[in-house]
Amino acid sequence: MKTNTFIVSAAALCFSISAVAKPLVIAHRGASGYLPEHTLEAKALAYAMKPDYIEQDVVMTKDDRLVVLHDHYLDRVTDVATRFPDRARSDGRYYAIDFTLAEIKTLRVTEGFKIDEQGNKVAGYPDRFPMWKSDFTVPTLEEEIELIQGLNKTLGYDIGIYPEIKAPWFHRYEGKDISIAVLNVLKQYGYDSVDDKVYLQCFDALELKRINDQLLPKMNMDLKLVQLIAYTNWNETMVYQGDVKQPYSYDWMFEPDGMEQVAIYADGIGPWKPMLVDSSSTRDNIIVKPLMASAKKAGLEVHPYTFRADKGRIPAYAKDFNDMMDIFYHQVKVDGLFTDFPDKAVEFLNRH
Ligand code: G3P
Ligand code: CA
């Protein structure tokens, strides 16, 4: 257990004797099942659905501003390739870090798309919001926090934020310290203690340790930290030695003492849902993987990603979205989950 959260956790334990905490709903990239991800419109709609937290993936611009975007590229969700055709890097991608905020603000945001073999832009989720309709832009982290805090004032709910520091290893290689920039904004908006409604998440274990051991104490802050978990071969986190990069190995997190090691610097984990429930499970035989028990034994909260109601996105072992909620909230007993459809998860929990 993180030393600086021991007293708070002891208090929480006493409370749990008389009340079981309601598990959390985290609106993944906003209400991204209904509106283009990470737009302020998707966040406002998510807010109205009353989740507990709304997620922000955060990357940095050329002029050191923080924008809410899932990728450190702009090309999956914007018209950057047509607006700035000569600004791609040699890999064909358009990096947010190569553009100023003013430039990014001129881009139109749409539903995420892929380019098919004929060169056509094809929506990643064909049944979601139509591509290139209406008028969406990329928000800054500050704009999004002001939206959520403003709605907390006008509607009177207390909905939290759940920012993810994206690819700190990449930002560092590009000469930028994204973690300090994010912590500065969080502090500026009043998120500086474990009692505040914020979880700070990151896939990069080395960076999360740095945040816990160095940055938070130095900035007189103490936030709830969540270690996101990937498989090594996803290349989600890279480690540079000079100009050569190689994937960070997540293998230690799946070892018997992995979760105890994570609990030294984090308060929770964000695993991919097949890391908790074996994909070979059937409706009569849900196989919960050992990661769940070892995380709970280590005192960690468990918030898996990502729960979607789109066609073909419900695992075979679940009958439908509600059945999937029942399995994860009631059988696996997760503490919260990330979903693109926060209304459905909120409604499920209200009914049960
Ligand atoms: O941060 C939780 C979940 O969002 C992790 O996946 O790739 O959607 O950021 P990703
Ligand atoms: Ca995320």
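If you read the sequence from its start, that first residue is 1, and numbering goes on from there. We use all heavy atoms of the structure for the numbers below, so side chains are in, but hydrogens, waters and symmetry mates are not.
- A salt bridge is defined here as a Lys NZ or Arg NE, NH1 or NH2 lying under 4.0 Å from an Asp or Glu carboxylate O, and D213 with K218 fails to meet this definition.
- T140 and R65 get closest at one heavy-atom pair: CG2-NH2, 4.1 Å.
- Residues Q201 and Q227 have side chains that never bring a donor and an acceptor to within less than 3.5 angstrom of each other.
- In this structure, K224 contributes its side chain and V194 its backbone to a donor-acceptor pair below 3.5 Å.
- Remark: the backbone N or O of E236 is not paired with any side-chain donor or acceptor of Y248 at under 3.5 angstrom.
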Check step by step if salt bridge (Lys or Arg N to Asp or Glu O under 4.0 Å) holds for D177 and R210.
CA-CA 12 Å; D177 194 329; R210 173 180 174 244; 2.6 Å; yes
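- Taking the ring axis of Y73 as reference, the NZ or CZ atom of R93 stays within 45° of it and closer than 6.0 Å to the ring centre.
- For the residue pair D79/T110, the side-chain donor-acceptor check at 3.5 Å is not satisfied.
- Side-chain contact check for T339 and Y305: no donor-acceptor pair (N or O, by modelled atom type) lies under 3.5 Å.
- In this structure, V122 is not a member of the same hydrophobic cluster as F129, with clusters built from ILVMFWY side-chain heavy atoms closer than 4.5 Å.
- Using the six-membered ring where Trp is involved, F203 and Y250 have ring planes that are perpendicular, over 60° apart on the 30 and 60° scheme.
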With salt bridge (Lys or Arg N to Asp or Glu O under 4.0 Å) as the criterion, how do E174 and R89 come out once you've worked through the C-alpha distance, each side chain's angles and the decisive distance to 0.1 Å?
CA-CA 14 Å; E174 297 285 330; R89 291 196 184 184; 3.1 Å; yes
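- Here the side chain of R83 pairs a donor or acceptor atom with the backbone of T106 at under 3.5 angstrom.
- The two residues P36 and A42 make their nearest non-hydrogen contact at O-CB, 3.4 Å.
- Between Y47 and Y157, the distance separating the two ring centers is shorter than 6.0 angstrom.
- A cation-pi contact links K273 to F307, judged by a cut-off of 6.0 Å to the six-membered ring centre and 45° from its axis.
- Using modelled atom types, one side-chain atom of D267 and one backbone atom of L225 make a donor-acceptor pair closer than 3.5 Å.
- Checking Y231 against N235 by side-chain atom types alone, no donor-acceptor pair falls below 3.5 Å.
- Ring centroid separation for the pair W132 and F113 comes in under the 6.0 Å cut-off.
- With sequence neighbours excluded, the residues that form a ring pair (Phe, Tyr, Trp, His ring centres under 6.0 Å) with H303 are Y162, Y199.
- Hydrophobic cluster membership is shared by V288 and F254, with clusters built from Ile, Leu, Val, Met, Phe, Trp and Tyr side chains linked at under 4.5 angstrom.
- Relative to the ring axis of Y240, R172 does not place its NZ or CZ within 45° and under 6.0 Å from the centre.
- No donor-acceptor distance shorter than 3.5 angstrom exists from the side chain of E146 to the backbone of L141, with no hydrogens or angles considered.
- Side-chain N or O atoms of E111 include none that pairs as donor or acceptor with a backbone N or O of A123 at under 3.5 Å.
- Here the closest non-hydrogen pair linking I327 and A318 is CD1-CB, 4.0 Å.
- With 3.5 Å as the limit, one finds no donor-acceptor pair spanning the side chains of Y317 and N285.
- Using a 4.0 Å cut-off between charged nitrogen and carboxylate oxygen, R313 and D340 do not count as a salt-bridge pair.
- Side-chain contact, D63 with T61: a donor N or O sits under 3.5 Å from an acceptor N or O.
- Looking only at distances, no side-chain donor or acceptor of N152 sits under 3.5 Å from a matching main-chain atom of G156.
- Taking each heavy atom of M259 and M253 in turn, the nearest pair found is CE-O, 3.3 Å.
- Here the side chain of D196 pairs no donor or acceptor atom with the backbone of V198 at under 3.5 angstrom.
- Side-chain contact of H38 with K43: a donor-acceptor pair under 3.5 Å is present, judged by distance alone.
- A donor-acceptor pair under 3.5 Å links the side-chain atoms of D75 to the main chain of Y94, judged by distance alone.
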Given F328 and V277, is the side chain to side chain contact (heavy atoms under 4.5 Å, CB included) satisfied, shown in steps?
CA-CA 8 Å; F328 277 86; V277 172; 3.6 Å; yes
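- Between K289 and L276, the closest side-chain pair of non-hydrogen atoms is not below 4.5 Å.
- Residues F136 and L40 have side chains not in contact (no heavy-atom distance under 4.5 Å, counting atoms from C-beta outward).
- A heavy-atom distance below 4.5 Å is not found between the side chains of D320 and I314.
- Residues I97 and H72 are not in side-chain contact: their nearest non-hydrogen atoms beyond the backbone lie 4.5 Å or more apart.
- A cation-pi arrangement is present between R87 and F99 under the rule of less than 6.0 angstrom and at most 45 degrees off the ring axis.
- No path of Ile, Leu, Val, Met, Phe, Trp and Tyr side chains, each step under 4.5 Å between heavy atoms, connects M238 with I165, placing them in separate hydrophobic clusters.
- Put simply, the side chain of I178 does not reach to within 4.5 Å of the side chain of E207, judged on heavy atoms.
- Put simply, the side chain of K296 gets close to the backbone of L300: a donor and an acceptor are under 3.5 Å apart.
- Taking all atoms of both residues into account, the shortest heavy-atom contact from D158 to K197 is O-NZ, 2.9 Å.
- When side chains are defined from C-beta on, N184 does not count as touching Q188, because their heavy atoms never get closer than 4.5 Å.
- Of all heavy-atom pairs between W234 and I229, the closest is CZ3-O, 4.3 Å.
- No side-chain heavy atom of Y53 sits less than 4.5 Å from a side-chain heavy atom of V25.
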Dump the intermediate steps for side chain to side chain contact (heavy atoms under 4.5 Å, CB included) on I159 and L151, then the final yes or no.
CA-CA 9 Å; I159 293 179; L151 288 169; over 6 Å; no
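- With ring centers used as reference points, H352 lies under 6.0 Å from H330.
- The shortest distance between side-chain heavy atoms of L215 and I180 falls below 4.5 Å.
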Could you walk me through whether D326 and N322 pass the side chain to side chain contact (heavy atoms under 4.5 Å, CB included) test, one step at a time?
CA-CA 6 Å; D326 185 57; N322 281 333; over 6 Å; no
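- Salt bridge E164/R29: absent, no basic N to carboxylate O contact under 4.0 Å.
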For I211 and Q214, run side chain to side chain contact (heavy atoms under 4.5 Å, CB included): C-alpha distance rounded to whole Å, both residues' side-chain angles, the deciding distance at 0.1 Å, then the answer.
CA-CA 6 Å; I211 289 169; Q214 299 172 33; over 6 Å; no
Worked verdict on K187 versus D192 for salt bridge (Lys or Arg N to Asp or Glu O under 4.0 Å):
CA-CA 5 Å; K187 189 166 188 180; D192 58 9; 5.8 Å; no
